[in-house]
Novice: 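Below is the structure I would like to discuss, written out as structure tokens.
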Amino acid sequence: MRRTIHYPESLLEALHLNEVCRLEPGLDYSRLTIDQKNGLAFLLESFLTERERMVMTDRYVNCMSMKKIAEKYSLTENRIRSIISQSLLNLNNRGEASLCSSGLCSQKEVYA
């Protein structure tokens with residue numbers, strides 16, 4: 001059975017945001033504020049390469065299957081899976097997940 005992709009819920013689950021930020025109670029991924037969504041968009045735009053950003057956008061925002069993404073960029077599904085895994089790892093290792101949990105405005109002095 002295929003898993004349905006929903007933005008931003010699926011991306012935040014893949015990032016393990018509640019675990020990374022140790023949020024108690026956990027952030028409801030389906031009820032993000034505009035500022036939290038802006039923080040997520042900033043995170044994707046600022047900390048991924050262009051290729052990673054395009055693949056992650058197709059997967060999580062446009063809800064495309066890995067097979068469709070692979071066809072679009074003439075790559076193998078394994079390569080797409082690898083790009084997604086590396087992108088998630090890079091985003092988790094940067095420690096910038098607070099942009100999603102607390103929102104971009106609360107962090108703007110750090111990124112100004």
Novice: Quick one: side-chain contact (heavy atoms from CB on, under 4.5 Å) partners of Ser46, sequence neighbours excluded?
Specialist: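 By the side-chain contact (heavy atoms from CB on, under 4.5 Å) rule, Ser46 matches Phe42.
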Novice: If you measure from CG on Leu12 to NZ on Lys37, what distance do you get to the nearest 0.5 Å?
Specialist: 10.5 Å
Novice: Calculate, to the nearest 0.5 Å, the distance between atoms CG and CD belonging to Leu43 and Glu45 respectively.
Specialist: 11.0 Å
Novice: Please table the atom pairs, donor to acceptor, closer than 3.5 Å between any side-chain atom in residues 55-63 and protein atoms at least two apart or in another chain.
Specialist:
residue: Thr57; atom: OG1; partner: Arg53; partner atom: O; Å: 2.7
residue: Asp58; atom: OD1; partner: Asn62; partner atom: ND2; Å: 3.0
residue: Asp58; atom: OD1; partner: Lys72; partner atom: NZ; Å: 3.3
residue: Asp58; atom: OD2; partner: Lys72; partner atom: NZ; Å: 3.1
residue: Asp58; atom: OD2; partner: Tyr73; partner atom: OH; Å: 2.7
residue: Arg59; atom: NH1; partner: Met64; partner atom: O; Å: 3.1

Novice: May I ask you to decide if Ile83's main-chain N or O and Ser87's side chain share a donor-acceptor pair within less than 3.5 Å?
Specialist: yes
Novice: Among residues two or more places apart or on two chains, list those pairs meeting salt bridge (charged side-chain N to carboxylate O under 4.0 Å, His left out) that have a residue in residues 75-91.
Specialist: none
Novice: Just how far is it from atom CG of Leu91 to atom CD of Gln86, taken to the nearest 0.5 Å?
Specialist: 10.0 Å
Novice: Distance from Asp35 atom CG to Leu40 atom CG, nearest 0.5 Å?
Specialist: 11.5 Å
Novice: Identify, with sequence neighbours excluded, every residue that meets side-chain hydrogen bond (donor to acceptor under 3.5 Å, both in side chains) alongside Thr49.
Specialist: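 In terms of side-chain hydrogen bond (donor to acceptor under 3.5 Å, both in side chains), with neighbours along the sequence ignored, Thr49 is linked to Glu52.
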Novice: State the CG-CG distance between Leu88 and Leu11, to the nearest 0.5 angstrom.
Specialist: 7.0 Å
